[in-house]
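Below: one structure, written as structure tokens.
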Amino acid sequence: MEKIQRPKGTQDIFGKDASRWQAVESCFRKIMRQAHYQEIRTPAFEYTELFKRGVGETTDIVNKEMYTFEKGERSLTLRPEGTAGVVRSYVEQGMSRWPKPVKLYYMGPMFRYERPQAGRQRQFHQMGLELFGLDTPEADAEAISLAMDFFGSLELPNLALEVNNIGTAQCREVFKQGFQTLVTPYLAKLCQDCQNRFHSNPLRMLDCKIPADKEIYDLPEIKSFLEKDFTSDECQAHFAKLSDILSALEIPFKRNYRLVRGLDYYTKTVFEITSTHLGAQNAVCGGGRYNNLVEQLGGPATPAVGWALGMERLVSLLGDLENAGLDYYIVSDQPEYAFKVAKLLRAKNLAVEVNLSGKNFGKQFETAAKSGAPKILVLGEAEAKNQQVTVKIMADASQNSLSLRELLGSL
RNA sequence: GCGGGUGUCGCCAAGCGGUAAAGGCCCCGGAUUGUGGUUCCGGUAUACGUGGGUUCGAUUCCCAUCAUCCGCCCCA
């Protein structure tokens, strides 16, 4: 028979990688629990219109990357990101009436139809948090510092935090007019993307990667326009306070006036955490404030802030973990006794493997050594008869016998 | 959607026009029937991505196709 392989851009996660994923997940859950965030699990697919309205009709994600299919009357789409579904649930489940703030976290697979490359899969996994109900720089600071705490506890090296303030919709009107006026003389020289965005979404022109275009945006009169900050006094005060808190927390960051991000829903604060160890797709975490999204999805006007991080990219930054494998390996030709002992040890929360091969002790020891277990229990005829165990320490090959009761008592 | 690289056993990998397609790792068996991973011997496997073409002859050259990797775009 012909082999069937997995779809393009998907991954089987197993073996060593699986334990890395588990380590990351349990670390994340711990940090979320300690900060009093609750888990939310939303469906892997939603009605297509949720993403069209939530993520934005002009985004690449919605325009060319969604897995959409029709069943019955409605069009469905595999979720390309987590926030829209969480916001939908927030509205649908009446969380707007919960005491503020509402603090949620999630983790799970996301789907985007793109050409796979290093750090980019068609099915990938995100972990993220959303904080609803506060429009304060304190909320932004908590979100960012939790991300940094999380990376810190995983001891990840070479991470850089970049932050920017893109203001409110009104601020961006100011930006649009000012920027368009300044850029118009150079319009013909810009790349096609930038020319298109000149009308549809001028802010996005800023993160153009074409060197010639960058030079134009770096011209003195344009640069000074960007740096004097087009946002309102209130937005600037918000950002200043956020900066103060981050500095006080000794979280190093850089203001990047070019950081605008590709999702339409952001307001005020946006940020990104990148690693120099990731290749071209170097963003490991990204997020920001989205004060209009809840309302846009039919809920009461509710400010919110959140972020998501890519688990594949995160896991790829992790070094080798300590072997969190077996505590005991049981070598035995007395299965009844061996299983009884294993059950008692497992009840003490230990990881125990019983050799099931029925082979001679020499072979069983070989397998035991390969298993990496630090201790071997030898349970032969004599031990079974006397309810004893022989414990062998692999590191120094020492070995002694004691009663089963003594062993259990010593744990 | 657009560029470039690569496809030889489960993994790594030699061969680059000519007999039965090296080698290493892993796995299995034996030396060693209650004591180990490093020794020695042996063994398993539908391995040249697929389809055409050139040739007396193709794993090797050409074309196409598929897969995969890297990059662009965009994002986590």
Side-chain angles (χ1 to χ4, degrees), chain A residues 1-11 14-15 55-56 58-65 79-83 107-128 147 191-194 196-197 204 207-210 259-263 270-275 278-287 306-317 329 331-334 355 357-384 390-399 401:
Chain A
M1 289 292 278
E2 209 176 309
K3 282 185 221 167
I4 299 173
Q5 56 189 153
R6 62 181 199 282
K8 185 197 278 253
T10 62
Q11 211 95 49
F14 61 96
V55 179
T58 64
T59 60
D60 282 6
I61 291 179
V62 168
N63 281 320
K64 50 181 203 187
E65 297 175 4
R79 60 179 179 193
E81 57 97 52
T83 300
M107 46 211 274
M110 308 292 163
F111 307 86
R112 292 182 200 172
Y113 186 76
E114 305 177 86
R115 275 295 277 280
Q117 70 184 72
R120 191 166 72 194
Q121 257 75 44
R122 287 181 173 181
Q123 179 180 168
F124 62 104
H125 297 74
Q126 287 189 336
M127 304 190 298
C191 72
Q192 193 57 53
D193 277 342
C194 281
N196 295 341
R197 287 172 181 162
R204 290 290 306 286
D207 65 358
C208 181
K209 305 289 192 301
I210 313 269
L259 179 65
V260 298
R261 305 190 51 75
L263 282 68
V270 294
F271 71 95
E272 210 166 83
I273 299 169
T274 57
S275 166
L278 278 174
Q281 310 304 322
N282 65 352
V284 65
C285 177
W307 52 254
L309 67 85
M311 292 183 68
E312 281 81 357
R313 293 182 189 178
L314 177 59
V315 166
S316 75
L317 292 172
Y329 191 99
V331 165
S332 176
D333 55 3
Q334 305 290 316
N355 189 293
S357 69
K359 289 180 188 161
N360 66 51
F361 276 34
K363 279 293 164 201
Q364 290 197 33
F365 268 95
E366 226 171 86
T367 313
K370 284 181 195 166
S371 78
K375 294 174 190 167
I376 291 186
L377 290 185
V378 187
L379 307 178
E381 203 176 342
E383 286 88 352
T390 297
V391 182
K392 174 160 185 172
I393 312 292
M394 294 306 272
D396 57 9
S398 69
Q399 174 170 322
S401 296

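Chain letters run A, B, ... following the sequence lines, proteins first, then strands; residues in each count from 1.
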Under 4.0 Å, heavy atoms only, any strand: does A/Glu312 hit a base, just the sugar-phosphate, or nothing? nothing
Quantified in whole Å, what is the C1' atom distance between nucleotide B/C27 and nucleotide B/C11? 12 Å
Partners meeting side-chain hydrogen bond (donor to acceptor under 3.5 Å, both in side chains) with A/Gln334 (sequence neighbours left out): none
Heavy atoms only, 4.0 Å cut-off, all strands: where does A/Arg79 land among base, sugar-phosphate and nothing? nothing
With heavy atoms under 4.0 Å as the rule, sort A/Ala368 into base, sugar-phosphate or nothing. nothing
Under 4.0 Å, heavy atoms only, any strand: does A/Glu81 hit a base, just the sugar-phosphate, or nothing? nothing
For A/Gly119, answer base if it contacts any base atom (sugar-phosphate contacts may also be present), sugar-phosphate if it contacts only those atoms, and nothing otherwise; contact means non-hydrogen atoms under 4.0 Å. base
So does A/Gln117 get a side-chain nitrogen or oxygen closer than 4.0 Å to the phosphate oxygens (OP1/OP2) of B/C69? no
Taking distance alone, no hydrogens or angles, what donor-acceptor pairs closer than 3.5 Å link side-chain atoms of residues 110-118 of chain A to residues at least two apart or in another chain?
{"unit_1": "A/Arg112", "atom_1": "NE", "unit_2": "A/Pro80", "atom_2": "O", "d": "2.7"}
{"unit_1": "A/Arg112", "atom_1": "NH2", "unit_2": "A/Pro80", "atom_2": "O", "d": "2.9"}
{"unit_1": "A/Gln117", "atom_1": "OE1", "unit_2": "A/Arg120", "atom_2": "NH2", "d": "3.3"}

Is there aromatic stacking of A/Phe365 on B/U35 here, judged by a ring-centre distance under 5.5 Å and a plane angle under 30°? yes
Does A/Gly380 reach a base, just sugar-phosphate, or nothing at all? Heavy atoms under 4.0 Å. base
Base-pair string, RNA chain B, Watson-Crick plus G-U, cut-off 3.5 Å on both distances, | for inter-strand, is (((((((..(((.....[....))).(((((.......))))).....(((((..]....))))))))))))....
Quantified in whole Å, what is the P atom distance between nucleotide B/U32 and nucleotide B/A47? 35 Å
Distance check, rounded to the nearest 0.5 Å: A/Met394 atom CE versus A/Gln399 atom CD? 10.0 Å
A/Thr390: what forms a side-chain hydrogen bond (donor to acceptor under 3.5 Å, both in side chains) with it, not counting sequence neighbours? A/Glu383, A/Ser401
If you measure from the P atom in B/G37 to the same atom in B/G23, how many Å do you get, rounded? 25 Å
Residue list, side-chain hydrogen bond (donor to acceptor under 3.5 Å, both in side chains) with A/Asp333, at least two apart or on another chain: none
State which residues pass side-chain hydrogen bond (donor to acceptor under 3.5 Å, both in side chains) with A/Gln126; sequence neighbours excluded, sorted by chain then number. none
Enumerate the protein-to-nucleotides 30-32 of chain B contacts in which both atoms are nitrogen or oxygen and the separation is below 3.5 Å.
none

Heavy atoms within less than 4.0 Å of RNA chain B: which residues of residues 120-127 of chain A have one? Give them sorted by number. A/Arg120, A/Gln121, A/Phe124, A/Gln126
Salt bridge (charged side-chain N to carboxylate O under 4.0 Å, His left out) partners of A/Lys64, counting only residues at least two apart: A/Asp60
Name all residues meeting the salt bridge (charged side-chain N to carboxylate O under 4.0 Å, His left out) criterion together with A/Arg122; count only those two or more places apart in sequence or in a different chain, and write none if there are none. none
Among residues two or more places apart or on two chains, list those pairs meeting salt bridge (Lys or Arg N to Asp or Glu O under 4.0 Å) that have a residue in residues 364-379 of chain A. A/Lys363-A/Glu366
Considering all heavy atoms of both residues, which atom of A/Ala283 and which atom of A/Thr274 are nearest to each other, and what is their separation? CA-CG2, 3.9 Å
Residues two or more places apart in sequence or in another chain: which of them pass salt bridge (charged side-chain N to carboxylate O under 4.0 Å, His left out) with A/Glu312? none
